Amino acid sequence: MVKPRLKRHGKKQRVTYRIIAIDSQSRREGKAIREVGFYNPRKEQTQLDLFAITALLKEGAQSTETVRGILKRAKLPEQVGINLQLEIEI
């Protein structure tokens, strides 16, 4: 399953994150399928590729909790009409 998740980038104490689409069983720093955004927590900057993210979510990708929070702050679910509920796998 493909998941949008954060990939750590930058120096110590100056961390930024890239929002990537990656297989759920790959490690965090593994090879990304596609880069779909950028997040800088120090300056609260977010840059999202809305078309790519909506395409991933409509195909059934489940984002991580952190990425879900970033998308909600960007008001993506209201703009596109996607439900970002957490689905628990048993």
Side-chain angles (χ1 to χ4, degrees):
M1 171 189 289
V2 175
K3 285 189 171 188
R5 62 169 29 161
L6 296 177
K7 183 175 185 178
R8 189 179 167 113
H9 187 45
K11 299 180 189 180
K12 288 192 277 184
Q13 304 297 321
R14 298 199 182 269
V15 67
T16 59
Y17 296 94
R18 293 182 179 174
I19 302 171
I20 59 170
I22 193 167
D23 184 34
S24 63
Q25 298 197 356
S26 296
R27 60 194 189 108
R28 179 184 74 182
E29 302 302 323
K31 183 170 172 118
I33 298 170
R34 185 173 185 182
E35 187 175 318
V36 295
F38 172 82
Y39 174 61
N40 185 350
R42 296 182 313 128
K43 296 182 181 178
E44 289 297 322
Q45 291 178 331
T46 306
Q47 180 181 355
L48 301 171
D49 182 358
L50 298 177
F51 182 73
I53 293 172
T54 55
L56 284 171
L57 295 174
K58 286 183 179 179
E59 289 176 8
Q62 293 180 359
S63 61
T64 60
E65 191 173 329
T66 308
V67 172
R68 194 175 307 117
I70 292 170
L71 296 177
K72 285 182 181 179
R73 277 186 272 155
K75 298 186 176 148
L76 178 71
E78 292 89 24
Q79 293 175 0
V80 183
I82 295 175
N83 189 6
L84 291 176
Q85 296 293 325
L86 176 63
E87 294 183 20
I88 301 171
E89 296 180 18
I90 299 176

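What you see is a predicted model, and the numbers here were worked out from it, not measured in a lab.
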For the atom pair [atom1] ([X]) and [atom2] ([Y]), what is the distance rounded to the nearest 0.5 Å?
X	Y	atom1	atom2	result
L48	I53	CG	CD1	4.5 Å
I19	R34	CD1	CZ	13.0 Å
S63	R5	OG	CZ	11.5 Å
Y17	K7	OH	NZ	14.0 Å

Between R42 and Q13, which heavy-atom pair has the shortest distance, and what is it? CD-O, 4.0 Å
Where is the tightest heavy-atom contact between L56 and P4, given as atom of each residue plus distance?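 Shortest heavy-atom separation between L56 and P4 comes out as CD1-CG, 4.5 Å.
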Hydrophobic clusters here meaning ILVMFWY residues chained together by side-chain heavy-atom distances under 4.5 Å, can you tell me if L71 and V2 are in one? yes
Answer yes if I20 and I33 sit in the same cluster of Ile, Leu, Val, Met, Phe, Trp and Tyr residues linked by side chain heavy atoms under 4.5 Å apart, and no otherwise. no
From the list Q45, E44, Q47, R18, side chain to side chain contact (heavy atoms under 4.5 Å, CB included) with Y39 holds only for E44
May I have the step-by-step check of side chain to side chain contact (heavy atoms under 4.5 Å, CB included) for L6 and T64, ending in yes or no? CA-CA 8 Å; L6 296 177; T64 60; 5.6 Å; no
Do other residues, nucleotides or ligands put more than 12 heavy atoms under 6.0 Å from Q25 CD? no
